2 protein chains.
Amino acid sequence: MAATVTAPAKPDRLPGSRAERTRDTENRILAAALDSFGTAGYDATSLDALAAGLGLSKQAILYHWPSKAALLDAVIDRACLDLVVEFDGVLRDAGEGWERIEAIVRSVFRVTIRRPELLGFVREVSRLGGDAAARISADLEPFVARARGFLQREMDAGRFRRCDPGLLFVSAYSAVLGAATEVEVLRAVGFEPTARSTVVRRRELLSFLRAAIVEP
Amino acid sequence: MAATVTAPAKPDRLPGSRAERTRDTENRILAAALDSFGTAGYDATSLDALAAGLGLSKQAILYHWPSKAALLDAVIDRACLDLVVEFDGVLRDAGEGWERIEAIVRSVFRVTIRRPELLGFVREVSRLGGDAAARISADLEPFVARARGFLQREMDAGRFRRCDPGLLFVSAYSAVLGAATEVEVLRAVGFEPTARSTVVRRRELLSFLRAAIVEP
DNA sequence: ATGAATGTTTACCACTTGGTAAGTGAATCG
DNA sequence: CGATTCACTTACCAAGTGGTAAACATTCAT
């Protein structure tokens, strides 16, 4: 099971200082790795294929990170940063109570369309287990803690059904990620994952979540 | 990322006719492959490791199936058979309406405890995509169709909230599988996946689903 | 200008991978 | 009993893996 990595061709001469170009190279490697890890999978991604897709040699990658595992760690941090930035931005302009959940769900669907590799990567890492999974947990822990706190406060205010906030989080997380990324299951129930069907899926998921969460 | 495969040692002399012993060998290979594919992953499982764990040589496996991909297909069929048998058995003795969903959820949690590799394998195959994912969809299609029919009838009878049965199935499927298998996420919200916490998780998931599905 | 640091390449290596070819001993069958 | 089929092993291979060593070119600091 091998992955072919494609990326925009590298411009022969890149402007900017050495430090800038180095940073740019690292960013391009991280982006390509995130893409391939998130779609093809970590095991199915070889450093050679990754480098070839970027017009580099494998050793260029191993210069910036000492091993494939170290690269994975860096990609994890990058992916988590992207996610937290995305969600924080959304939440800053979101309203109160249920509206905040609605905003997050919309944001997740937007991410699966614009950057499908990102949530696939989260899945992949938690599947890999071990250090990688521990790292992603740690990276996202502050966000998860805030989410739990939010759920708890809404319950205390009597707006959300009272239950364990942690487990509610897991249920909602799974349902959202599933509706957004379980392509095969969706196909099995007759939903080709087109952009148009996404709107329907999002609407149905929101009404599902609302019934499950909001105190009637 | 390699997987070490362990299995009960092969008895030096096995009784029974040749056909029986052959069938037994194939069953043992399928079981070991299901286990390793479901926990370590397909890419991370080498035929050598698989065979060594069974006290065989890799070529013994390739005698029964012409390639690793063909073995995967066979494992898919086996896993789906196991699942459908399990669920059909449960549903035969289950009651009506909501009780049937409750019975399935209990069954899923039982499976994750007794055969954790099984649902992990379903996840893994749908992650792999391609022919394998198409095959598992096809294998489970009859079951999924029955589930959708059930949901539709319950909605028509006014017992379940009216919505798209296919998407309701995806939401419920994701939530159940998540609560049962998302070990890392559970850990992130402070739930070590012990047997005792399973009871709590199951109870919370059921009340989550009930609120989402049942017409109040 | 020059020497050092930096980013990258070429060459290479040990090891693992899925798969082929050919051989072997035992069970089965005529 | 002898021939044959069956289940499996040993031997092997080409392709790919992550990673090391060292050479090389460019940029930077002095």
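Order of the sequence lines sets the chain letters (A, B, ...), proteins ahead of strands, with each chain counted from 1. Every value quoted in this text rests on a predicted model; they were computed, and no experiment measured them.
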Reported OH-to-CG distance for the pair Y173(B) and L168(B), which is rounded to 0.5 angstrom: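 Between atom OH of Y173(B) and atom CG of L168(B) there are 15.0 Å.
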Those residues that, when tested against T181(B), pass side chain to side chain contact (heavy atoms under 4.5 Å, CB included) (two or more places apart):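 So T181(B) forms a side chain to side chain contact (heavy atoms under 4.5 Å, CB included) with T112(B), L119(B), R123(B), L177(B).
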Side chain to side chain contact (heavy atoms under 4.5 Å, CB included) against V189(B), all qualifying residues, sequence neighbours excluded: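 Once residues adjacent in sequence are excluded, the partners of V189(B) under the side chain to side chain contact (heavy atoms under 4.5 Å, CB included) criterion are V144(A), R148(A), F169(A), V170(A), F191(B).
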base_contact_polar (dG19(C) base, K68(B) side chain, donor-acceptor, <3.5 Å):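 No, no donor-acceptor pair under 3.5 Å.
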If only side-chain N and O atoms of [X] are considered, is one of them under 4.0 Å from the OP1 or OP2 phosphate oxygen of [N]?
X	N	answer
H64(B)	dC8(D)	yes
S57(B)	dC8(D)	no
T22(A)	dT8(C)	no

Along DNA chain C (nearest heavy atom to each residue), the more 5'-positioned of K58(A) and Q59(B):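 With K58(A) and Q59(B) compared, the 5'-side residue is K58(A).
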Touch class at under 4.0 angstrom, heavy-atom based, for L62(B) against every strand present: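 Counting heavy atoms under 4.0 Å across all strands, the contact made by L62(B) includes a base.
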NZ or CZ of K68(B) within 45° of Y42(B) ring axis and under 6.0 Å: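 That pair qualifies as a cation-pi contact.
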Sidechain N-carboxylate O distance under 4.0 Å for E204(B), R201(B):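 R201(B) and E204(B): not salt-bridged.
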Residue D131(A) excluded, over 12 heavy atoms near CG under 6.0 Å: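 Not more than 12 within 6.0 Å, no.
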5'-most by nearest nucleotide on DNA chain D - D48(A) or P66(A):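 Between the two, 5'-proximity favours D48(A).
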Axial bend angle, the helix from dA1(C)-dT30(D) to dG30(C)-dC1(D): five-pair end segments, nearest 10°: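 End axes: 0° apart.
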